Amino acid sequence: MVGAPLAPYAAHPKNSLGRRFPEPEAPTRTAYQRDRDRIIHSTAFRRLVYKTQVFLNHEGDLFRTRMTHSLEVAQLGRSIARPLGLNEDLVEAIALAHDLGHTPFGHAGQDALNACMRDLSGRKAGDEDIAGFEHNLQSLRVVDALEERYPSFDGLNLTFETREGILKHCSLASARQLVRQDETGVAMRFIDGGSPTLEAQLCNLADEIAYNAHDIDDGVRSGLLSWEQLQEVPLFDRYRFQALKSHPNLAGRRLLFESIRLMLSDQVYDVIDHTRQALADAGVNHVEEVRAHRVLVAFSAPMARESAQLKRFLFQNLYRHPQVQETADRAQRIVRELFAAYLAQPEERGVRGDAGNARAVADYIAGMTDRFAIREHARLFGNSLFP
């Protein structure tokens, strides 16, 4: 298999920590290429095309969805991985899978489902204590258990390294629970303070770069963000100025696209340069040395400050915009009422698991697309909260 040569600190598929259920190697693909292909062909991946990023699917055909977001993360990740000598296939697999467990209606749906589960604190959810809902944990649950494609095992049976990258956040309590249930130790780093592969670190940062950039685009497209507001954000306004310096007559969407393109390019180059220096300073030469070190894939300090400032701007002016909040309130009502209905009347849901099992209800709702959740709510309650 021809590809860019891997650096010694990259994740080499031949040295993978393996799969939960042993399988013969594929004759034409590496282990990580096989992971990527299994993810692309999964049911959960196809559902991402109708799951909210910021704007609901019915609000416009050109807004990002979880699918297009995941593709953009993969593209950015590969652009950074290659010059650093990292494993592009592993980066792509993690990027495409990182949101598989996300609920309908984006973070509003996640927050509502988390609250529903936490309201049941002290009860059992299947084989485990109820401990809320978090989409990173759910993404791992999707690839480990919920996908039903293969005759010999549940889930997709992905490699340890892909599963590790999917689980990018985890509370200490959840990590301890996972370690008790999962013999591979995929959550152990949240207990012992270790780091994941550089490829996993890269996907975490590429996720941030992607959503900051495309949320600017979607925010302007929706009319909720104005050019005047964006000119108050130094990170964006610097590239708007550069675009106008090169193309004085540029305006409208072409100016927006060019400003975002320049910003993305500079952020990619910043990560590459800073990470290359951090790797040299750390002197790591093997993935196990990476695991024993602090996170190495990062922005430079100035870029990190400006990126954080942009994130705060988007939080205040887009994610907390009254129009977005009004939509989020209706979405959360749908999730809460569906959860209560399915828990009280298990026959209303076509999902495996014991009757009244809260975790099975959460699995079912988390797997819904936006439009399916809206239709289900209208079917059960007789009115549609969205047109």
Side-chain angles (χ1 to χ4, degrees), residues 48-80 83 95 106-108 205-274 299-328 370 387:
L48 295 181
V49 74
Y50 292 115
K51 288 195 176 189
T52 293
Q53 183 66 25
V54 174
F55 297 95
L56 266 64
N57 187 258
H58 75 271
E59 293 182 279
D61 292 340
L62 299 181
F63 293 126
R64 266 68 171 194
T65 65
R66 290 283 158 187
M67 170 78 80
T68 56
H69 165 68
S70 297
L71 293 173
E72 291 182 19
V73 174
Q75 181 272 316
L76 286 167
R78 294 194 75 134
S79 296
I80 297 169
H107 287 283
L205 191 55
D207 184 25
E208 177 184 327
I209 295 171
Y211 66 65
N212 279 345
H214 64 50
D215 288 351
I216 291 174
D217 184 11
D218 284 353
V220 173
R221 183 184 297 276
S222 70
L224 302 187
L225 294 180
S226 68
W227 280 99
E228 289 74 23
Q229 287 175 298
L230 285 168
Q231 288 175 41
E232 299 172 6
V233 183
L235 182 61
F236 176 82
D237 198 50
R238 179 164 70 249
Y239 300 107
R240 183 189 68 87
F241 179 80
Q242 286 183 19
L244 286 173
K245 186 175 180 181
S246 300
H247 307 279
N249 296 321
L250 208 57
R253 298 210 60 77
R254 287 180 187 266
L255 176 57
L256 179 66
F257 290 151
E258 181 65 4
S259 303
I260 292 173
R261 185 188 71 80
L262 292 171
M263 183 180 75
L264 281 172
S265 294
D266 218 20
Q267 288 184 305
V268 166
Y269 302 146
D270 181 271
V271 172
I272 292 169
D273 291 344
H274 181 77
F299 285 129
S300 65
M303 185 63 79
R305 285 193 297 271
E306 289 191 326
S307 179
Q309 187 177 27
L310 171 57
K311 190 183 300 186
R312 288 193 297 271
F313 167 83
L314 290 169
F315 186 86
Q316 293 165 3
N317 295 280
L318 182 61
Y319 312 143
R320 288 291 177 259
H321 189 284
Q323 184 174 317
V324 174
Q325 279 297 108
E326 192 273 336
T327 300
D370 292 7

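Please read all numbers here as calculations on a predicted model, not as lab measurements.
Of all heavy-atom pairs spanning Asp270 and Phe299, the tightest one is OD1-CA, 3.4 Å. Contact record, Leu76 with Ala206: CD1-O, 4.1 Å, taken as the closest heavy-atom pair. Nearest heavy-atom pair, Gln229 versus Ser226, reported as atom, atom and distance to 0.1 Å: OE1-N, 2.9 Å. Here the closest heavy-atom approach between residue Ser259 and residue Ala243 is recorded as OG-CB, 4.1 Å. Between Gln316 and Arg320, the shortest heavy-atom contact is O-CB, 3.9 Å.
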Problem set entry | side chain to side chain contact (heavy atoms under 4.5 Å, CB included) between His107 and Tyr319, worked out | CA-CA 10 Å; His107 287 283; Tyr319 312 143; over 6 Å; no
Exercise. Checking side chain to side chain contact (heavy atoms under 4.5 Å, CB included) for the pair Val268/Ile272: CA distance, chi angles, key distance, verdict?
Worked result: CA-CA 6 Å; Val268 166; Ile272 292 169; 3.8 Å; yes
For this session: Tell me, with the steps shown, if Met263 and Leu310 meet side chain to side chain contact (heavy atoms under 4.5 Å, CB included).
Result: CA-CA 12 Å; Met263 183 180 75; Leu310 171 57; 4.2 Å; yes
For this session: Take Leu235 and Gln267 through the test side chain to side chain contact (heavy atoms under 4.5 Å, CB included) and record every step on the way to the result.
Result: CA-CA 10 Å; Leu235 182 61; Gln267 288 184 305; 3.7 Å; yes
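Using modelled atom types and a 3.5 Å distance limit, the side chains of Ser79 and Gln75 yield a donor-acceptor pair.
No donor-acceptor distance shorter than 3.5 angstrom exists from the side chain of Ser307 to the backbone of Met303, with no hydrogens or angles considered. Checked by atom type and distance alone, the side chain of Ser265 never pairs as donor or acceptor with a backbone atom of Leu262 at under 3.5 Å. One N or O on the side chain of Asp218 and one on the backbone of Arg64 form a donor-acceptor pair closer than 3.5 Å.
Remark: of the listed residues Val220, Leu255, Ile216, Ile216 is the sole one forming a side chain to side chain contact (heavy atoms under 4.5 Å, CB included) with Ile260.
Met67 CE to Tyr50 OH: the interatomic distance, rounded to the nearest 0.5 Å, is 9.5 Å. Distance check: Lys245 NZ to Arg240 CZ gives 14.0 Å after rounding to the nearest 0.5 Å. For the atom pair CG of Leu318 and CD of Gln323, the computed distance is 10.0 Å after rounding to the nearest 0.5 Å. The distance from the CG atom of Leu225 to the CG atom of Leu314 is 6.5 Å, given to the nearest 0.5 Å. With rounding to the nearest 0.5 Å, the separation of CZ in Phe236 from CG in Asn212 is 12.5 Å. The distance from the CG atom of Asp237 to the CD atom of Glu306 is 11.0 Å, given to the nearest 0.5 Å.
Taking 4.0 Å as the cut-off between side-chain N and carboxylate O, Asp217 and Arg253 count as a salt-bridged pair.
No side-chain heavy atom of Arg261 sits less than 4.5 Å from a side-chain heavy atom of Leu264. Leu250 places a side-chain heavy atom less than 4.5 Å from the side chain of Glu258. Residues Leu205 and Ile80 form no side-chain contact, since every pair of their non-hydrogen atoms from C-beta on lies 4.5 Å or further apart. Using a 4.5 Å heavy-atom threshold, the side chains of Phe315 and Asp215 count as separate. Put simply, the side chain of Thr52 does not reach to within 4.5 Å of the side chain of Phe63, judged on heavy atoms.
The aromatic rings of Tyr211 and His69 sit tilted relative to each other, their planes meeting at an angle between 30° and 60°.
At most 12 heavy atoms of other shown residues, nucleotides or ligands fall within 6.0 angstrom of atom OH in Tyr269.
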